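The structure displayed is predicted, hence computed values, not measured ones. Letters A, B, ... are given to chains in the order of the sequence lines, protein chains preceding strands, and every chain is numbered from 1.
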Amino acid sequence: MQSAHINHLIDPSCADPHPQPADLLAWYDQHGRDLPWRLKGGRRPDPYHVWLSEIMLQQTTVAAVKPYFAAFLEAFPTVQALAAADDGLVMEMWAGLGYYARARNLLKCARVVTETYGGQFPQTASALKELPGIGDYTSAAIAAIAFNEPAAVVDGNIERVISRLYTIETPLPAAKVEIKAKVDALTPQDRPGDFAQAMMDLGATLCTPKAPKCLICCWREACAAHAIGIEERFPIKPQKKPKPVRYGTVFWIERNGQAFLIRRPERGLLGGMLALVSTDWDAEAPVPAAPCSAEWQVLPNEVKHVFTHFELRLSVWVARVDKAPPLQGEWRKMDTQLLSALPTVMKKAAKLAMTR
DNA sequence: TATCCGTGGGA
DNA sequence: TTCCCAAGGAT
């Protein structure tokens, strides 16, 4: 470590073989992103805000999270307020953000923190990791950012940065062990939270998957991949599998300006979310059995929607009825508020039905 | 370890 | 249009 500094002082043209955390922190102080859940000037942010933002940011872009983060803080200013919230309301507020298990675990976690920890989040990564919805990454991130623990934070950005810095040839996810060790060695005792966020900002703004901006990177001289011009080869990832197509039919049931909706079972796809009555979704287009007898109209356009591991094509059937179908469900006024309470695939179907 | 779990935006 | 993939976790 020390020798790298000395070499650098003796011969500035000599590429520094080691990335210096101080260089990255200096870059972060000047170029770090300005985000709603982030406090500037070394102030310790509210652990509730850090947790909420980290859960929302799992596999989700900053731009998508911003309005949801603001809405949740407005509706639930404290973790106790969230713990006391109605489950259905929380799911409807999460609608559109995806990965709905996060919302279910969000509530579970808020209730554990409120009831078991007196409303105070535990302050170590190991204790945080025991909470619902908090895994390796999120526990380390909260511990570092909110509680100054020098935990090794590794997300997708950091995997990319590290795999390039050290030309890690092992494909993901096997490379995670190696990457974690590198991050652990780099993480400073001072400002570990800023260091983690700086790494993520570097990955998000400069060390991007394609066309990284190495020319203006503070760690350019330390990057093994850049030294030989093969940045974009890293990280090495397994090849993706093709998405199968599944088919189904959803039923839009109308009465007096209201639509009949169900709540999906807690587990599985779109678990706990408001939805249209639906058949199962299978590889073969079903011969649908309508949930009740009525004059069904089949809409000319089908809904296409791409999930993480399959593509869905939904036929939409519409009918006006006099009484509710023999299912557990609820009538909801047909308005924009209803649309915003639905997960995106159901929102697409509802829109088609409402504007037919 | 592999699979399941959403969505929208950018190249 | 198509492909990629973004502050991952649970099982």
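Rounding to whole angstrom units, CD of residue A/Gln59 and C1' of B/dC4 are separated by 13 Å. Note: CZ (A/Arg104) to P (C/dA10) measures 12 Å, nearest angstrom.
Phosphate contact (OP1/OP2 of C/dG8, side-chain N/O of A/Gln58, threshold under 4.0 Å): absent. Distances shorter than 4.0 Å separate none of the side-chain N or O atoms of A/Tyr99 from OP1 or OP2 on B/dC4. Distances shown here put every side-chain N or O of A/His305 at or beyond 4.0 Å from the OP1 or OP2 atom of B/dG6.
In this structure, the nucleotide among C/dC4, B/dT7, C/dA6 sitting nearest to the side chain of A/Val345 is B/dT7. Taking the side chain of A/His309 as heavy atoms from C-beta on, and the options B/dC5, B/dG6, C/dG9, the nearest nucleotide is B/dC5. Closest contact between the side chain of A/Lys241 and the listed nucleotides B/dT3, C/dC4, B/dG6 involves B/dT3. Relative to the side chain of A/Tyr137, the nucleotides C/dG9, C/dC4, B/dG6 differ in distance, and C/dG9 lies closest. Distances from the side chain of A/Leu270 to the nucleotides B/dG6, C/dA10, C/dA6 place B/dG6 closest. Checked against B/dT7, C/dC4, B/dC5, the side chain of A/Thr344 finds its nearest nucleotide in B/dT7. Side-chain proximity of A/Arg160 to the nucleotides B/dT7, C/dG9, C/dA6 is greatest for C/dA6. For A/Asp155, whose side chain is taken as the heavy atoms from C-beta onward, the closest listed nucleotide among C/dG8, C/dA6, B/dT7 is C/dG8. Of the candidate nucleotides B/dT7, C/dT11, C/dG9, C/dT11 has the atom lying nearest to any side-chain atom of A/Arg267.
No hydrogens or angles were tested; on distance alone, nothing pairs the side chain of A/Thr60 with the base of C/dG8 as donor and acceptor under 3.5 Å. A donor-acceptor contact under 3.5 Å is not formed by the side chain of A/Thr138 with the base of C/dG8.
Judged by the 6.0 Å distance and 45° axis criteria, A/Arg264 is positioned over the aromatic ring of A/Trp281. At least one cation-pi condition fails for A/Arg164 and A/Phe234: the charged atom is not both under 6.0 angstrom from the six-membered ring centre and inside a 45 degree cone around its axis.
Nearer to the 5' terminus of DNA chain C, by closest-nucleotide assignment, is the contact made by A/Gln197 (compared with the other of A/Gln197 and A/Leu131). Comparing A/Gly203 and A/Lys210 by the nucleotide of DNA chain C that holds the closest heavy atom to each, the one mapping nearer the 5' end is A/Lys210.
Separating the P atom of B/dG6 from that of C/dT11 is a span of 14 Å, rounded to the nearest Å.
Within 4.0 Å of A/Gly271, counting heavy atoms only, lies no atom of the nucleic acid at all.
For the residue pair A/Arg332 / A/Gln258, no side-chain donor-acceptor distance below 3.5 Å is found, with atom types taken as modelled. A side-chain donor-acceptor contact under 3.5 Å links A/Glu54 and A/Tyr137.
Looking at A/Arg38, its side chain never comes within 3.5 Å of a backbone N or O of A/Leu35 through a donor-acceptor pair.
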